[in-house]
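Hydrogens, waters and symmetry mates play no part in the numbers below; they use all other heavy atoms, side chains included. Reminder, nothing fancy here: chain letters follow the sequence lines and each chain counts from 1.
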There are 2 protein chains.
Amino acid sequence: MSKVMRPERPALSREYILDRALGLVDRDGIEAFTFRKLALEIGADPMAAYYYFPNKAALFDGIVEAIYLEVAPSASFSADDSSVPPRDRILTAARSMRCAFLRHPRALPLVATRPASTPRMAVLVEAFLGLLAEAGIGGARALDAITCISVYTIGHALAQAGEPAGGGTPAGVEGLLQEADRYPRLSAAAAHFADYDPDRQFDLGLAALVDGLLGAGD
Amino acid sequence: MSKVMRPERPALSREYILDRALGLVDRDGIEAFTFRKLALEIGADPMAAYYYFPNKAALFDGIVEAIYLEVAPSASFSADDSSVPPRDRILTAARSMRCAFLRHPRALPLVATRPASTPRMAVLVEAFLGLLAEAGIGGARALDAITCISVYTIGHALAQAGEPAGGGTPAGVEGLLQEADRYPRLSAAAAHFADYDPDRQFDLGLAALVDGLLGAGD
DNA sequence: ACCTGAACACCGTTCAAGT
DNA sequence: ACCTGAACACCGTTCAAGT
């Protein structure tokens, strides 16, 4: 019955630390993230995390990796269910990336900023290349398609996450709309702010992009 | 002949400070940017900038604004040169945004992350709405198109800027390619890394996206 | 191997003060 | 109005030390 009274804490590990770190970023944002706050969160010395990560950048890379691990736990991504055409499976794959991204809006600047070349990314790219091959796209065109679809997906999620949590009119635009004569078209467009639906909009652009990329070589 | 020997320095101003701040970010990156280094750069007390900006976030917002001010100094953006079809003028507008972005690769995370709703943005959006109207797109569809094209443009520039300056094979991918049997398609695609051209790729996706968005309502 | 704690060289920001 | 300088409450990271 020696040190039984110590506050019980899961054994420290890379995964556990990343999990709590991502939780902190989700809650308080990247700016507020600190090794010292992380230490409080995991109940250890401020420097404990340095045993698992050489520095903050490496820990952030780990967070990005953790988010990509949430993308499409195998299923819809690589399944070659021939009953649904490859074009639609490509759309589904992009949506499942988007879904993982939107689960961590405040961490997205990390995802958008740190190019990951990990085994996980290789698996995702490999699967996507498979989908594209089924759609008749290969070689350089496949790489182009993957990049274009990826940057559109991350870009859209990032912009959506950056918006004021309200979801209605983008912040500050109201002020500009006072001068309706200076921005007549913008003012007219403001009528449509109410029924803005990010998911529908994303799908709209995604379909345009994918169809254009698939059809370009005919 | 009192204080003549003082190192000559332009009078401090919002614009001057932003200009030097952007220069620092361009040179050393966002992480390394510090009010104290900025002070050295402008030859003033570390706290001098606080007279013009309430905090670091406000200064970063100013940097983003400064970059958008570099977009298409009027010309190609709003010109209704009827000899070139609206569809092509939309492409040109997106390219001119991209061009301004690529002039400041290390500042791009700021641009991608801070939604700007300033008069300058209103002017750009207003002009873009004009182009879309000429192409027969208005209302909610125009807002969708602007957002989709914008996020694609910023997303692509951000990804490109995030790459290792080398430009060749994305960092670390070589390591993964050792296990060619695990990632057969990725390995095959690697043959095309050499002739990767970001501008061509951007144009490819942009054309797909724009044509899809313009044609969707027929 | 895994974690602690003191120490160092920084930060952003506040505030009272100078001109 | 515009800028300075000291001070405060933090940071990330190093390193020697503990178990």
Report task. For B/M47 and C/dC11, give me the distance from atom CE to atom P, rounded to whole Å. Result -> 10 Å
Report task. Report yes if at least one side-chain N or O of B/Y52 is closer than 4.0 Å to OP1 or OP2 of D/dC3; otherwise report no. Result -> yes
Query - Complement of C/dA7, any strand, by Watson-Crick or G-U distances under 3.5 angstrom - result: D/dT13
**Report entry** Mate of D/dT19 where both pairing distances stay under 3.5 Å, Watson-Crick or G-U
**Finding:** C/dA1
Report summary line: Atom CZ of B/R36 and atom C1' of C/dA9 are separated, to the nearest Å, by 11 Å
Query raised in the report: Which is true for B/F53 with a 4.0 Å heavy-atom rule: it touches a base, it touches only sugar-phosphate, or it touches nothing?
Result: nothing
Query raised in the report: Closest nucleotide of DNA chain C for A/P46 versus for B/A32: which of these residues is on the 5' side?
Result: A/P46
Report task. Please report the closest heavy-atom contact between A/A44 and A/L12, naming both atoms and the distance. Result -> CB-CD2, 4.1 Å
Query raised in the report: Whole Å only: how far is the CG atom of B/L40 from the P atom of D/dC3?
Result: 16 Å
Report task. Give B/F33 one of three labels, base, sugar-phosphate or nothing, depending on what nucleic acid heavy atoms sit under 4.0 Å from its own. Result -> sugar-phosphate
Query raised in the report: Atom CG of B/L38 to atom P of C/dC10: distance rounded to whole Å?
Result: 17 Å
Query raised in the report: What heavy-atom pair brings A/A93 and A/L131 nearest, and what distance separates the two atoms?
Result: CB-CD1, 4.0 Å
Query - A/E31 atom CD: more than 12 heavy-atom contacts under 6.0 Å - result: no
Requested in this report: State whether the number of non-hydrogen atoms from other residues, nucleotides or ligands found under 6.0 Å of B/R182 atom CZ is greater than 12.
Outcome: no
Query raised in the report: Counting side-chain heavy atoms from CB outward, which of C/dC11, C/dT4, C/dC3 is closest to A/L12?
Result: C/dC3
Requested in this report: Assess whether side chain to side chain contact (heavy atoms under 4.5 Å, CB included) is satisfied between A/M121 and A/E126, documenting all intermediate values.
Outcome: CA-CA 8 Å; A/M121 280 308 298; A/E126 183 72 19; over 6 Å; no
Requested in this report: Provide, to the nearest angstrom, the distance between the CG atom belonging to A/D45 and the P atom belonging to D/dC15.
Outcome: 17 Å
Requested in this report: Send over the distance from B/K56 NZ to D/dC11 P, rounded to a whole Å.
Outcome: 14 Å
Query - Whole angstrom value for the distance that separates C1' of D/dA1 from OH of B/Y50 - result: 20 Å
Report task. In whole angstrom, give the distance that lies between atom CG of B/L59 and atom P of C/dT13. Result -> 10 Å
Query raised in the report: So what does A/Y51 hit on the nucleic acid, given a heavy-atom distance under 4.0 Å: a base, only sugar-phosphate, or nothing?
Result: base
